[in-house]
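Right, one structure below, let's go through it.
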Protein chains: 2
Amino acid sequence: MLEAKLAEASVLKKLLDAIKELVTDANFECSEEGITLQAMDNSHVALVAVKLVQNGFKKYRCDRPMPLGVNVGSLTKVLKCAKDDDICTLRAADEADVLNLVYEAKNSDRISSYDLKLMDIDAETLGIPKTSYEARIVLSSAEFTRIVRDLSLLGDSVRIEVSKEGVRFASDGEAANGNVLLKGRGPIGKVDRGPQGDDEDEEDGDGVKKEKKHEDDDDEDEAGEEEEGGKKKDKAKVKKEKSDDGDVEMDEDEDEIQPDEDGEEEKEDEEDEDGDGDGKKRKKKSKSSPKPAKKAKTVPSSKSKKGKAKADDGDDDDDEAVIIQMNSHVSLTFSLKYLVNFSKSSNLVKRVELYMSNDVPLLVSYDFGQGYIRYYLAPKIGDD
Amino acid sequence: MLEAKLAEASVLKKLLDAIKELVTDANFECSEEGITLQAMDNSHVALVAVKLVQNGFKKYRCDRPMPLGVNVGSLTKVLKCAKDDDICTLRAADEADVLNLVYEAKNSDRISSYDLKLMDIDAETLGIPKTSYEARIVLSSAEFTRIVRDLSLLGDSVRIEVSKEGVRFASDGEAANGNVLLKGRGPIGKVDRGPQGDDEDEEDGDGVKKEKKHEDDDDEDEAGEEEEGGKKKDKAKVKKEKSDDGDVEMDEDEDEIQPDEDGEEEKEDEEDEDGDGDGKKRKKKSKSSPKPAKKAKTVPSSKSKKGKAKADDGDDDDDEAVIIQMNSHVSLTFSLKYLVNFSKSSNLVKRVELYMSNDVPLLVSYDFGQGYIRYYLAPKIGDD
DNA sequence: TCCGTTATTG
DNA sequence: CAATAACGGA
């Protein structure tokens, strides 16, 4: 038996709007931890993974794991019948063949109830790509949308290149070629966060080599780069790279940046679980407990994003700052069509995270408070 | 000779926008009382009746009745040439074959003049359905629009059911079933207004029977339910039904709720023709002269609507309150396609009134100050 | 109120 | 398959 109450139907509406063109049918896997969905797009080029964590619900109960097979288009229609601020309750009995959605107007007297027919969907085995990456970029989701949309006017694919220069998005088209370079706020750091909410140290990647792995410096000073560590430091520290640039080496494993598989930790970072203060204080925390146990394993967890949003109190519009972390030079080419599609999720949250390693699928992660939506996209073969 | 000057062209523009998809050609019947139009939709399933009352015009003169046959599409085009706030004057000579429309910019120096070719249209005999109903619902026109639009995503038809629970709109579709329940403000009253601006008494319909006719109680207390009677009372009186519920019986004729055929009375109710006070005071009036001469015959006159808007001074957002009046349980099924079309008129006025009786066409009435647009739609046969 | 997207018609 | 109109969203 499932009963999940969302304070605002809008989250669900946005999520389904985001995936409805990618996926036609999918299983919503409900369990004690929350609800997840994983599906390949119809052409099996992209993979979407959605998670709604249990504590993101106003009320959540799921006695035993149950997959709810839904037609995404139908669910989208049903969700269109909800107003954004309606309280939305999902219910499904064990073995039920319908999912019941109830919308209650905040102010009272309208109650709508919808029964969506469920279907059996083969739980296709989805290989979630590797979870550690050579590079991580965090930027405004709106800016990401703009970049891929702009470039999609010129060509079909985009080469994303992370170097000490910053991140470059480049597309070649018949009529014109174009590229966008994002400099990143402060020095380019190698790692920004630990997957579990630990604080990682960073080194700046300014001394990027043209080939992979090299230049990993572990000065935590550079940590200023990380979202939490501190915007404030960034300014002061920019280009504070030690002499170590160029001769760094990190364990492949440890230095890799990886997304947090668990959406829950975010809470900690985000809502100052630490109890040491509000989110902004966290910045302090980062500094205090800075020496990282390990210097890599960055996770794109919601925490990261969240942490950032809050931690970035300091200077200016944090939402606009670009954070670049890189262990080694990365250059990959992707289909813009998919990236444009992914960027629809930007209405869920202000920041998006990109994780990349050469020859490995790109991970585009939108972590919102109550969960995340992540997209994996295989690079085009002939990438430079 | 006709000369009719409207202070704002927008009214006419909206009216024609509303009917242009339903009707291709129609006669504008001009007489001393104003201008009316009645037409069946092309498939003869729905009927539209528009009235612009004489005193809704800034200036009105019509020496003798004259039908002006126009192509609605053409008139719509001509009206698109008017700005919303232009002063719009319609002129037609006796026996003329053109209708002249002049638009004067409020502030001055632009005067546009258009001559629309007229045509002879057979005055088809339109049977306006019965004018008394078992149930009346008044709600936000925007909400009505939303409900029918939402449900139209799921299925082709909607079952509208009025019971003591409230009004339920339900639609079954291939992928999902859905329903919206509106609770109504305060207790469900049987009758709310007399057609002529008389004060009717009401009883609440809480003790509704499953079959028609029954439960008519004449306690004026319940009158609080009516729009004029008073929102204020509603809160206090909710469920104040006397013991009489359940054993009422009303004359079929007298208890029926019917739309006001005359657009003018509204003025009386609305603008305190009685001169005993302003609209709000009217509430008082209702109570003072409560013992109804007759207890039914409710009319959907504009007065009703208007009265409500004003009478509903009390509590909250009157525009959102749902008013339900019912003599007996009603359940009918209608084509959503038409209802969606009707709901285009919601840009004319904030409230819409629905009148229903079993096995009889639904009346959807938008009464704006200067007249009304009403739609009649036959129920689908197999309705429960 | 204007722009973009979607659906319908030719 | 393309163009036009309608509907929905920003």
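In the text below, chain A, chain B and the rest are named by the order of the sequence lines, each starting its count at 1.
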Whole-Å gap separating [atom2] ([N]) and [atom1] ([X]):
X: B:Lys344; N: D:dC7; atom1: NZ; atom2: P; value: 4 Å
X: A:Lys83; N: D:dG8; atom1: NZ; atom2: C1'; value: 15 Å
X: A:Leu79; N: D:dG9; atom1: CG; atom2: P; value: 13 Å
X: B:Lys20; N: D:dA5; atom1: NZ; atom2: P; value: 11 Å
X: B:Glu21; N: C:dT8; atom1: CD; atom2: P; value: 12 Å
X: B:Asp17; N: C:dT1; atom1: CG; atom2: P; value: 12 Å
X: B:Lys80; N: D:dA5; atom1: NZ; atom2: P; value: 8 Å
X: A:Lys77; N: C:dA7; atom1: NZ; atom2: P; value: 9 Å

Problem - Centroid-centroid under 6.0 Å between B:Phe144 and B:Phe342 rings - result: no
Exercise for the section: Check whether any side-chain nitrogen or oxygen of B:Arg149 sits under 4.0 Å from OP1 or OP2 of D:dG8, and answer yes or no. Expected result: yes
Fill in the blank from the handout: All heavy atoms of A:Ser140 vs all of A:Arg351, minimum pair found to be N-NH1, 3.6 Å
Problem - Audit row: B:Glu8, B:Lys106, salt bridge (charged side-chain N to carboxylate O under 4.0 Å, His left out) steps and yes/no - result: CA-CA 9 Å; B:Glu8 307 257 329; B:Lys106 272 240 162 34; 3.2 Å; yes
Completion exercise
When A:Arg110, A:Lys80, A:Lys13 are each screened for salt bridge (charged side-chain N to carboxylate O under 4.0 Å, His left out) with A:Asp86, the one that passes is A:Arg110
Exercise for the section: Measure from the side-chain heavy atoms of B:Asp84 and tell me the nearest of D:dC7, D:dA6, C:dT1. Expected result: C:dT1
